[in-house]
Amino acid sequence: MEKIAVMGFGVVGSGVVELCDKNSASIRRRAGTDIEVKYILDLRDFPESSYAGMVIHDFETILNDPEISVVAEVMGGMEPAFTYSKRLLSAGKSVVTSNKELVAGKGAELLRLAKENNVNYLFEASVGGGIPIIRPLHMCLAANEISEIAGILNGTTNFILTKMIRESMPFSEALSLAQSLGYAERDPTADVEGADACRKICILASLVYGRHVYPQEVHTEGITRVSLCDVQYAEDWGGVIKLIGRARQLPDGRLFAMVSPAFISHESQLSSVDDVFNGILVRGDATGDVVFYGKGAGKLPTASAVVGDIIDCVKAEGTICSLCWADSAADTVCDWRQAPAVFYLCCRGRKAKAAASALFGELRFLHRAEAPEEECAFITPERTEAQLEEAKKQLEKEGVELCSAIRVLDY
Ligand code: HSE
């Protein structure tokens with residue numbers, strides 16, 4: 001019998017406890033022993049819950065209990081999760097987590113600490129909710145050179161965009177719905193402004209390229225400025241708008257990473273990833289494109305990944321199955337402004353069409369029903385991000401109002 005502790009009894013934590021209970025027979029078969037939740041650490045009491053008797057408020061109880069060798073940290077946020085995780089690993093206990101903020105910010109350090117103490121730090125649930133992506137990347141695809149990884153990494157924003165596209169639902173209504181379904185972060189700014197997707201692409205890039213990519217190095221744009229007009233223009237272009245996190249290695253070894261909304265063609269596999277689903281495309285030199293798809297958020301999908309990691313820790317006791325990546329230098333990630341890009345731009349003004357044509361040459365113009373007469377939308381030719389920034393400024397100088405600018409990607 002293996003006794004474990006769960007730190008945090010929110011959406012994911014309650015899912016972990018429920019799943020350990022509900023699927024105890026199959027978990028026993030796979031782990032080779034019973035797995036029983038002994039403690040649930042939370043600031044709150046849960047008198048109505050059938051698990052109320054397991055709730056404790058003192059972290060030291062878990063730390064000092066020799067019966068506990070695996071702990072699920074599903075509290076979220078940097079502190080106290082970081083301090084608790086360090087102390088548990090240093091005390092020789094394995095930690096599994098869904099905490100992408102912590103893995104993206106401190107992964108290199110925690111993985112090193114786990115290795116030094118001969119225990120595991122596993123984080124399958126930190127990216128893609130219930131989709132297996134971390135383990136496939138560092139095990140099944142380990143023979144590949146991975147040139148690129150790109151994906152829809154945030155369930156909340158994908159849910160919102162899907163509602164906007166399919167039902168013309170206003171942004172705020174779709175966000176409230178995502179919150180009530182338990183998809184969104186405590187502060188949904190992290191979802192809608194792209195920070196959550198940024199943390200996830202940082203984890204994937206660190207894993208694939210072996211050096212820690214920090215969120216502050218990654219240019220990030222969210223979906224708060226995407227309008228229903230943009231959705232209509234994307235449809236006319238032949239695709240949909242998705243929030244995409246992407247990373248690739250440049251020939252000189254540096255990394256490029258970015259999170260932004262993007263036009264994605266209907267022909268791309270990512271275009272049909274809707275609602276709370278996530279889709280992650282991995283481009284390997286041996287495999288070609290491999291796409292992972294499934295529920296990227298929510299109680300039981302995320303708990304599934306956490307409990308999978310708990311089972312692995314129990315099975316691997318005494319051996320290290322977590323990976324390691326190195327800490328990184330300041331120049332690991334290249335300047336995003338030097339990367340090539342293609343944009344959809346939507347402008348307004350009497351001279352908009354002429355000014356755009358003079359600036360870019362022949363353009364592909366887009367159309368939507370009921371567009372005001374002075375509105376013009378088009379796809380730019382490929383330039384560097386920096387050149388396109390200059391071009392946008394130039395248009396504004398000529399009295400053209402820039403309403404939208406969204407990248408066009410070809411995954
Ligand atoms: N808020 C996150 C999302 C939860 O919507 O994807 C899962 O990481």
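Just so you know, ligand 1 is whichever comes first in the structure, and atom 1 is the first atom listed for that ligand.
Side-chain contact of Asp65 with Tyr39: a donor-acceptor pair under 3.5 Å is present, judged by distance alone. For the 3.5 Å distance criterion, the side chains of Ser260 and Glu221 fail to qualify, holding no donor opposite an acceptor. With hydrogens and angles left out, the side-chain atoms of Asp230 and Tyr344 include a donor and acceptor closer than 3.5 Å.
Taking a cut-off of under 4.0 Å to the non-hydrogen atoms of Lys100, the atoms of ligand 1 that pass are 2 (C), 4 (C), 7 (C), 8 (O). Those atoms of ligand 1 that come under 4.0 Å of a heavy atom in Glu185, given as number and element, are 1 (N), 2 (C), 4 (C). For ligand 1, the atoms lying closer than 4.0 Å to a non-hydrogen atom of Asp191 are 1 (N), 2 (C), 3 (C), 5 (O). Numbered from 1 in the order shown, with element, the atoms of ligand 1 that lie under 4.0 Å from a heavy atom of Lys200 read 2 (C), 3 (C), 6 (O), 7 (C), 8 (O).
A donor-acceptor pair under 3.5 Å is formed between the side chain of Asn144 and the backbone N or O of Thr287.
Only the side chain of Asp196 comes within contact range of ligand 1, with a heavy atom under 4.0 Å; no backbone atom does. Contacts between Thr156 and ligand 1, counted as non-hydrogen atom pairs separated by less than 4.0 Å, involve both the backbone and the side chain.
Separation of the Trp325 and Tyr121 ring centroids does not fall under the 6.0 Å cut-off. The ring of His367 has its center no closer than 6.0 angstrom to the ring center of Phe365.
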Inset, instruction - Just do the side chain to side chain donor-acceptor pair (under 3.5 Å) check on Asn278 and Lys295 with the steps written out, would you? - result: CA-CA 6 Å; Asn278 283 190; Lys295 280 193 180 155; over 6 Å; no

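Inclusion of Ala184 in the set of residues having an N or O under 3.5 Å from an N or O of ligand 1 is not warranted.
A heavy-atom separation below 4.0 Å is found between Gly296 and ligand 1.
Nearest protein heavy-atom contact of atom 6 (O) of ligand 1 is Gly155 N, 2.7 Å.
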